[in-house]
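Below is one structure, written out as structure tokens, with a few remarks after it.
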Amino acid sequence: MHLTPQGTGWIEVITGCMFSGKTEELIRRLVRARYAKQEVRIFKPRIDTRYSEDEIVSHSRMSLRAHVVEKAEDVWRLGHGIQVVAVDEVQFFGAAIVPVVESLANSGSRVLVAGLDQDYRGEPFEPIPTLMAVAEFVTKNHAICMQCGNPADRSQRLVNRAERVLVGETESYEARCRRCFSPDLPGQIQQNLMYRPGDSV
Ligand code: ZN
């Protein structure tokens, strides 16, 4: 048995909540590919403006050069035929990235995607759920709950805003575990109205 598929491409998903080290894990894998003299091309959506325009940068400031692209189709146009293709912050491309990632893998590329699997309400956040289903390899990273120290898989928003993602505003979030996570925005907390299993009704 081989550690990785032979004679075909494949898909690797790196997901988790904010502060779970997704981009660091992506960078770690890409650096190893570069050591092996593999051709690597990295993409990120234009919307992600934190730290640097044309690099992917982890919270611990590791960085690699990236192509900043507008649309999912650009990833196919510039990534087709490349041995190792990586897409960071994949949630910003929406569902259109799924056929691109599949086509790249079908045509022989190793495709790595990193992104959030849940939004700030704890709802599944496409396209990661679909990519997790079609990927050969899925890594779900955990952060540490900033309230209690449990493993955390949710991104708690601390400010009351309607957008699904607040770009570059990491100070507006905390990593939280299931117990400490509250999907209601500050000012709308209705915990007393929420039914919990075991409550008498
Ligand atoms: Zn907690």
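These values consider heavy atoms only, across backbone and side chains, with no hydrogens, waters or symmetry-generated copies. For ligands, and for the atoms within them, numbers begin at 1 and follow the listed sequence. These numbers come from a predicted model, not from an experiment.
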S155 side chain to A175 main-chain N or O, any donor-acceptor pair under 3.5 Å?
->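 No, S155 side chain to A175 backbone: no donor-acceptor pair under 3.5 Å.
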
Check: L78 main-chain N/O paired with R41 side-chain donor or acceptor under 3.5 Å =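 Yes; at least one donor-acceptor contact below 3.5 Å.
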
Stepwise side-chain contact (heavy atoms from CB on, under 4.5 Å) test for Q83 and Q38 | CA-CA 7 Å; Q83 195 171 4; Q38 294 176 345; 3.6 Å; yes

Looking at D117, V113, V87, V138, which hits side chain to side chain contact (heavy atoms under 4.5 Å, CB included) with L131?
->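 Among D117, V113, V87, V138, the one meeting side chain to side chain contact (heavy atoms under 4.5 Å, CB included) with L131 is V113.
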
Give the minimum heavy-atom separation between L116 and C17, together with the two atoms involved.
->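 It is CD2-C, 3.9 Å.
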
Could you pull out the N/O/S protein atoms under 2.8 Å of the Zn ion (ligand 1), ignoring any water?
->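 Checking every protein N, O and S atom gives C145 SG, C148 SG, C177 SG, C180 SG.
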
Spacing of OH belonging to Y120 relative to CE belonging to M18, to within rounding of 0.5 Å |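 Rounded to the nearest 0.5 Å, the OH-CE separation comes out at 13.5 Å.
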
